[in-house]
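Computation of the quantities below employed the complete heavy-atom set of this structure, encompassing side-chain atoms and omitting hydrogens, waters and symmetry-equivalent molecules.
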Amino acid sequence: MGAGEPGELPCRAADAELFFAESPADVETAKALCLDCPVRAECLAGALERREPWGVWGGELFLQGVVIPRKRPRGRPRKNPVAA
């Protein structure tokens with residue numbers, strides 16, 4: 001990887017479950033951990049190429065292979081109305 005020991009990477013030092021969390025607060029924490037990661041750009045590029053189905057990769061949240069700005073909590077109304 002070129003960043004030294006794997007333990008130096010935030011995703012290796014923190015609980016891996018954090019990067020696949022359901023809680024919006026935990027997702028934001030995971031994204032924040034990525035900010036200073038030395039392999040952030042490579043991680044993001046790889047996730048985009050693989051179309052990762054979900055999780056935080058390179059400081060971005062993926063859902064169904066696409067980067068989304070933030071995780072919405074369960075139970076909220078739809079962002080856009082359903083077509084009639």
Side-chain angles (χ1 to χ4, degrees):
M1 274 193 195
E5 295 297 316
E8 294 176 1
L9 303 178
C11 57
R12 302 285 174 92
D15 181 4
E17 294 293 319
L18 187 63
F19 294 87
F20 300 96
E22 290 293 325
S23 157
D26 287 346
V27 168
E28 291 304 315
T29 298
K31 288 169 62 175
L33 288 172
C34 295
L35 290 177
D36 295 324
C37 182
V39 295
R40 180 179 178 195
E42 294 89 342
C43 179
L44 179 58
L48 286 166
E49 185 178 314
R50 293 185 306 272
R51 296 188 49 84
E52 284 292 342
W54 65 294
V56 174
W57 299 89
E60 299 292 342
L61 176 60
F62 280 73
L63 184 62
Q64 298 176 351
V66 178
V67 173
I68 61 172
R70 66 181 36 93
K71 184 169 182 72
R72 294 176 34 210
R74 290 184 179 165
R76 286 188 55 193
R78 290 180 175 268
K79 194 172 181 181
N80 300 313
V82 176

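Considering every non-hydrogen atom in both Leu44 and Trp57, the closest pair reads CD1-O, 3.7 Å. Closest approach of Gly58 and Cys34 over heavy atoms only: C-CB, 4.2 Å. The minimum heavy-atom distance linking Ala21 with Asp26 is given by the pair CB-CB, 3.4 Å.
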Next item on the list: Evaluate the criterion side-chain contact (heavy atoms from CB on, under 4.5 Å) for residue pair Leu33 and Val56; output intermediate values, then yes/no.
Entry: CA-CA 10 Å; Leu33 288 172; Val56 174; over 6 Å; no
Notebook entry, point to check: Taking it one step at a time, do Ile68 and Phe62 satisfy side-chain contact (heavy atoms from CB on, under 4.5 Å)?
Noted result: CA-CA 6 Å; Ile68 61 172; Phe62 280 73; over 6 Å; no
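In this structure, the separation between SG on Cys11 and CZ on Arg40 is 12.5 Å, given to the nearest 0.5 Å. Here Arg12 contributes atom CZ and Phe19 contributes atom CZ; the two are 10.5 Å apart, rounded to the nearest 0.5 Å.
The environment of CG in Asp36 is sparse: at most 12 heavy-atom neighbours from other residues, nucleotides or ligands sit within 6.0 Å.
Two different hydrophobic clusters hold Val66 and Leu63 under the rule that ILVMFWY side chains link at heavy-atom gaps under 4.5 Å.
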